[in-house]
Structures are given as C-alpha cells and as structure tokens.
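Structure, as structure tokens:
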Amino acid sequence: MRWSIATLALLSWLADPSWLAASLHSDAPRRPTLQPGPSLVLLVYRAPLSEPRVHDVIRVADGILAAAGVSTTWFDCVRSPRACADRPPGVVVVRFIRGASWRRDACGSSVRGSPLGVTGLVSVDVDCTSELAVSLRFSSAPVILQADRIAGAILAHEVGHLLGLHHTPRGLMSGCLGVREYRALAAGRLHFDAAERQQMRAEAARAEGARAQAAQARTLAAVH
C-alpha cells in the first residue's frame, strides 16, 4: 500500500506520544455507523472543570457525534500545552467558562473560523448548565439530568454549528433546547437527524483535508 506524504505526516502528527498521553478517550457506548466517518480533532481547555468532570462532558458529546458518523479525537490542553499551542487548520478549540451566559437556554456559543485558522471555537458555560440542571429537576415536569451531561449535549450542538448546521424547531439543533429535548437526552435518544449527519460528515471531511494539507506543508518545509 502506498501512502501519500500528507497521509504520513498527518499520521505522524496524531501519533506523537505527547499528544496521545493527553488524549481524552471516551468509553461511552456508541451507536454503530455503516462506515468509519471523517475525524474531527478538538483541543480542550478544561478550566474550570476538573479532569473527571471534563471526561464526563466529553463522553456525552463524543457519543452523540459518533452516532452522527463523525469520529473524534480530543486533546487536553492542560496536560499537553505544547500540542495545543500549535493549532493547525481543521481543528476545533473547546473552552469551558463560568458566568458568561445571561440566558439559561443559551449555555453555549460557537464562532466558526478564526484568524488562527481553526475550524472554530466552542464555549460552554458550566455555571449555566448547573443552573439549568437544578431548574429542570424542580420544574413542573421534572427531568433528572447531571449538569455535565447537559454540557455534553450543548457541546455537541455547538460543534454541529461549526459543521454547517443551523437551528431547527426541535431536536438537538433546536434554537432553544427545552424539556422535550432534555427528556430525549435522559433517555439516550437525542441525536442529529439524517440530513444533519450528512452535512456534518461532509464538513468534517473538509476539516480533515485541511489538517492533511497543513501536515504536508510542515513536512515539505522541514525537508527544504
């Protein structure tokens, strides 16, 4: 089998031991997909969350994205600052923040593209998700969900925006996730629909291509 320079360089980049040591692997059960999907690389700045908590958030988001046919590789920027300092095109930066949301139904935000050349930036307000968990628990139609599980769904929602999705009247991409969506999340039934999955895989493939081109450029620069 012949490998292109871009493929070899990308494999070398992802196989760097310092990256693998910081990788956040999900052990969540995944809905099987017909074929392996394109890979999305996410760099996680987890403060103010502890490592166990960020694992819980990512486990939820990772499972939702995997069910859409998008495979993910997560890197903890606290444990691997060198790897996260060199942000190639085609990666997503994820940060957890506190106290920034003024609406309880807007616990996350996303910015597509940036001068840094990344696919985009996702922010999740952990204070907001904690307040939302309490609100759902004591509402007239109670829904019992941990705040970190809510944060995981919101993270997946925002990544959906970066992969070309827009708000819908209901479902995971609803402009205002409500009791219906959180009940589905509690039951493990909150997912992207078929059209959304197709769009996401196409955008993730473009991000994968951007990483490969960047890796090839670095390899050629090193040679010359």
Side-chain angles (χ1 to χ4, degrees), residues 4-26 30 36-47 49 51 54-55 57-97 108-124 151-165 192 196-197 199-222:
S4 68
I5 292 176
T7 302
L8 289 172
L10 179 59
L11 289 174
S12 174
W13 176 65
L14 290 177
D16 184 329
S18 66
W19 283 67
L20 292 177
S23 183
L24 299 175
H25 299 288
S26 170
R30 294 185 170 191
S39 176
L40 193 65
V41 174
L42 301 99
L43 311 181
V44 181
Y45 292 84
R46 58 177 159 90
L49 291 183
E51 188 171 357
V54 82
H55 271 275
V57 174
I58 288 174
R59 186 176 297 114
V60 175
D62 187 56
I64 294 173
L65 293 168
V70 176
S71 62
T72 53
T73 304
W74 306 78
F75 294 103
D76 184 344
C77 294
V78 173
R79 293 178 58 189
S80 186
R82 181 187 67 79
C84 292
D86 179 22
R87 300 172 182 172
V91 302
V92 173
V93 174
V94 177
R95 64 173 186 162
F96 295 97
I97 57 178
S109 64
S110 55
V111 179
R112 195 176 186 188
S114 81
L116 296 175
V118 296
T119 294
L121 168 69
V122 169
S123 301
V124 178
I154 290 171
L155 174 53
H157 171 107
E158 298 300 340
V159 171
H161 282 311
L162 297 186
L163 296 179
L165 302 186
F192 297 101
E196 291 168 343
R197 293 194 295 269
Q199 173 70 24
M200 292 172 68
R201 288 193 295 270
E203 290 294 325
R206 291 189 185 96
E208 195 171 51
R211 294 199 308 274
Q213 290 178 1
Q216 182 179 27
R218 285 198 299 272
T219 300
L220 293 175

Going from NE2 on His157 to OG on Ser110, what distance comes out if it is rounded to the nearest 0.5 angstrom?
7.0 Å
Scanning both residues in full, the closest heavy-atom pair of Arg197 with Ala68 reads CD-CA, 3.4 Å
I want to check something: taking the side chain as every heavy atom from C-beta on, are Leu40 and Leu163 in contact at a cut-off of under 4.5 Å?
yes
Where is the tightest heavy-atom contact between Gly152 and Ala61, given as atom of each residue plus distance?
O-CB, 3.4 Å
Side chains of Val94 and Glu158: does their closest heavy-atom pair fall under 4.5 Å?
no
Applying side chain to side chain contact (heavy atoms under 4.5 Å, CB included), can you list everything that pairs with Arg95, at least two apart in sequence or on another chain?
Tyr45, Ile97, Leu121, Ser123
Taking side chain to side chain contact (heavy atoms under 4.5 Å, CB included) as the definition, give me every residue that meets it alongside Glu196, ordered by chain and number, with sequence neighbours left out.
Leu165, Thr168, Met173, Phe192, Asp193
What's the spacing between His55 NE2 and Arg46 CZ if we round to 0.5 Å?
7.5 Å
Taking the side chain as everything from C-beta on, heavy atoms only, tell me whether Leu42 gets closer than 4.5 Å to Ile58.
no
Look at the side chain of Ser39 and the backbone N and O of Thr72, then say whether any donor-acceptor pair between them is shorter than 3.5 Å.
no
Do Arg211 and Val91 touch side chain to side chain, with heavy atoms closer than 4.5 Å?
yes
Non-hydrogen side-chain atoms of Trp74 and Val54 separated by less than 4.5 Å
no
Minimum heavy-atom distance Val60-Ala153, with the two atoms named
CG1-N, 3.9 Å
Taking Arg201 for the side chain and Val70 for the main chain, is one N or O donor matched with an acceptor at less than 3.5 Å?
no
